[in-house]
**Q** 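If you scroll down you'll find the structure; I have some questions about it.
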Protein chains: 2
Amino acid sequence: MSTVGKAISLLELFSVDEPELGLSDLARRSGFDKATTRRLLVALAGHGFVEQDIGTRHYRLGAGLSRLARIREARFPFLQTAVPLVRDLAASTAETVHLSEFGVDSLVTVHVEHPAWANRVNIDIGQLLPLHSTASGIAYLAFARDETVKACLTGSLDAFTAHTLIEPAAISRSMSEARERGYSIYDQGYEEGVISVAAAIRGADGFALGTIAVAAPKARTTAAAIAERGLAVREAAREISMRLNGENLQILRRQA
Amino acid sequence: MSTVGKAISLLELFSVDEPELGLSDLARRSGFDKATTRRLLVALAGHGFVEQDIGTRHYRLGAGLSRLARIREARFPFLQTAVPLVRDLAASTAETVHLSEFGVDSLVTVHVEHPAWANRVNIDIGQLLPLHSTASGIAYLAFARDETVKACLTGSLDAFTAHTLIEPAAISRSMSEARERGYSIYDQGYEEGVISVAAAIRGADGFALGTIAVAAPKARTTAAAIAERGLAVREAAREISMRLNGENLQILRRQA
DNA sequence: GGTGGTCGGTTCATTATTTGAACTGTTATT
DNA sequence: AATAACAGTTCAAATAATGAACCGACCACC
């Protein structure tokens, strides 16, 4: 692995649940030597990618990341555009709504709205969603580039529950359905007792950029609710796509 | 420079004005060899820190950065907390309001609200603000750790205009004033014709984390307006600090 | 329709950086 | 007072990064 890859995988050890980690802990979890880990952390800290708590000496993600993320967001206002619609959808469905963006080979959860219920589906920001076993994943694949689909379907796929689709043919069928319907449905593919609907947010080229999804405990979810939510999520995704592409056109026009 | 540092300095070549860059361009600007640049980009792309436009083959900042920034933001909801108050302040002052967070050795602009005026102070997200020559910088230094202040005052300081303070004694005096008043005033220290007021956003330990500032064309700014804005910005900073530290207490309580 | 310039991307012998076992010193626990 | 876990450092050995030269593709210009 390249040194750069090692440094980044250190960053990826941080999560919403464990936002601060000590040196030894980082070394242990990454598998790198303590000296190596420290050298990488110092390099990262030098550019503000991590910062160290003065008191505990623990490390956490730094402001440099916020800076770059905001620059990205300025060019490509995915969050800004989508979050209000995620909120609306969360309000109208009273279930967990989450927004994801495609990165490397899975979907990255970038925003979540949770309902007030005690019994609800909990999703953390930063969580990675596999493509073959989630409603979001299927919705994404339905409008993804051929090479992305192929990369996903070749190689063995993990079965997280008894309901997870691991046959390429079954996944393809599910994708086709999602494409026709405009939204995907996945029944307990990633976790028992959770049913989700999702729709793809698409770029100007028609390919999927990310997804918006509603996840709910299966126990209180009727078939009618699924159909209703499907339409709502499809509508939200369409609206986000439209606003995004409108913005993009403006940007291109300004550059020209 | 470490390989990691090189990779990060590639990322830092992207800005709001130039969010997409080609390989040769990146190599030229970074001073690295084209092959090196490419290797670094591939490593970064492997973790979603950059992505490549399929059409133009240009590179841009990737979704992996958004992911990590959101994880950071979940632990430390600086933006979420501050942005509404930045908006309020922008509405009431009708001037440019910007929010910064400290990173490495300068302040990083993480949010900006611009007024509708054609003649206004323009600030980009991601822009770095020097500590000694901006209202934000002085406000930050007024409540910064001694070592940060010392690091800033030792070494030669750039004079951006004829008004920039470059004497450590003068800067210290300005800091003291800001500390007593609760906000800083800087008259054309970074750019001619711009006058700003700023106040420090402080953590639970009392030290500054970042700043909120109002910047306006000097031509339409009266002394009375400055005083009024000063109080408003101080109040906004106090409110943000309170909300942040309240949140932090909750987080600590949850962990205990 | 050739020609020179630039682009993105690749190769591989040379070179410089990264690595990690062993070390110090500090702090919390028993 | 002993133990253990922690953060951080050192330096010879091992490994990964480097960059000049290369390819093919594309574009503009004479």
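Since we're looking at a predicted model, the values are computed, not measured. What's counted below: heavy atoms across the whole structure, side chains too, no hydrogens, waters or symmetry copies. Naming convention: chains lettered A, B, ... in sequence-line order (proteins, then strands); numbering from 1 in each chain.
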**Q** If you fit an axis to the five pairs at each end of the helix from C/dG1-D/dC30 to C/dT30-D/dA1, how big is the angle between those two axes, to 10 degrees?
**A**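 That helix gives 40° between its end axes.
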**Q** Could you please spell out the steps behind the side-chain contact (heavy atoms from CB on, under 4.5 Å) verdict for B/L68 and A/F49?
**A** CA-CA 10 Å; B/L68 293 177; A/F49 274 35; over 6 Å; no
**Q** For B/A27, is there any backbone N or O sitting under 3.5 Å from a side-chain donor or acceptor partner on B/S30?
**A**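 Such a contact is found between B/S30 side chain and B/A27 backbone.
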**Q** From D/dA17, D/dG19, D/dT10, pick the nucleotide closest to the side chain of B/D33?
**A**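 It is D/dG19.
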**Q** Which of the following nucleotides, D/dA7, C/dA21, D/dA17, is nearest to the side chain of B/R39?
**A**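 The answer is D/dA17, which lies nearest to the side chain.
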**Q** Can you tell me if B/Y59 touches the phosphate of C/dG9, counting only side-chain N or O atoms and a distance under 4.0 Å to OP1 or OP2?
**A**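 It does, given that an N or O in the side chain of B/Y59 lies less than 4.0 Å from OP1 or OP2 of C/dG9.
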**Q** Answer yes or no on whether A/R234 is positioned over the face of A/Y183, meaning its NZ or CZ is under 6.0 Å from the six-membered ring centre and within 45° of the axis.
**A**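 Not satisfied by the 6.0 Å and 45° rule.
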**Q** For B/H114 and B/I123, indicate whether the former's side chain and the latter's backbone hold a donor-acceptor pair under 3.5 Å.
**A**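 Yes, because the side chain of B/H114 sits within donor-acceptor range (under 3.5 Å) of the backbone of B/I123.
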**Q** So does B/K34 reach the base of C/dG9 with its side chain, donor to acceptor, closer than 3.5 Å?
**A**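 Side chain to base: pair found, below 3.5 Å.
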**Q** Which residue, A/L23 or B/K6, contacts DNA chain D at a nucleotide closer to its 5' end, judged by nearest heavy atom?
**A**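 Looking at the nearest nucleotide for each, A/L23 comes out on the 5' side.
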**Q** How close do A/L61 and A/E51 get, counting heavy atoms only, and between which atoms?
**A**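 Minimum heavy-atom separation between A/L61 and A/E51: O-CG, 3.8 Å.
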**Q** Tell me if a side-chain donor or acceptor on A/S174 pairs with a main-chain N or O of A/A170 at a distance below 3.5 Å.
**A**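 Checking the backbone N and O of A/A170 against the side chain of A/S174, no donor-acceptor pair under 3.5 Å is found.
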**Q** For the side chain of B/T36, counting heavy atoms from C-beta on, which of D/dG8, D/dG19, C/dT10 is nearest?
**A**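 Between D/dG8, D/dG19, C/dT10, the one nearest the side chain of B/T36 would be D/dG19.
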**Q** Does A/S24 have a side-chain nitrogen or oxygen under 4.0 Å from the phosphate oxygens OP1 or OP2 of D/dA7?
**A**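 Affirmative; the distance criterion is met.
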**Q** CZ of A/F32 versus P of D/dA7: gap in Å, rounded?
**A**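 One finds 17 Å between P of D/dA7 and CZ of A/F32, rounded.
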**Q** With the side chain of A/R28 defined as its heavy atoms from C-beta on, choose the nearest nucleotide among D/dC6, D/dT10, C/dT17.
**A**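 From the listed options, D/dC6 comes nearest.
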**Q** Quick test of your reading of the model: are A/R29 and A/D25 salt-bridged, counting only N-O distances below 4.0 Å?
**A**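 The answer is yes: the pair qualifies as a salt bridge.
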**Q** If you assign A/Q52 and B/L40 each to the DNA chain D nucleotide with the nearest heavy atom, which residue ends up on the more 5' nucleotide?
**A**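 The answer here is A/Q52.
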**Q** For the pair made of CD1 in A/I54 and C1' in D/dA7, what is the distance, rounded to whole Å?
**A**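 Going from CD1 in A/I54 over to C1' in D/dA7 covers 15 Å.
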**Q** Which nucleotide sits closest to the side chain of B/T3: D/dG8, D/dA17, C/dG9?
**A**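 Side chain of B/T3 sits closest to D/dA17.
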**Q** What nucleotide, of D/dA17, D/dG8, C/dT18, holds the atom closest to the side chain of A/R57?
**A**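 Nearest to the side-chain atoms of A/R57, counting from C-beta on, is D/dG8.
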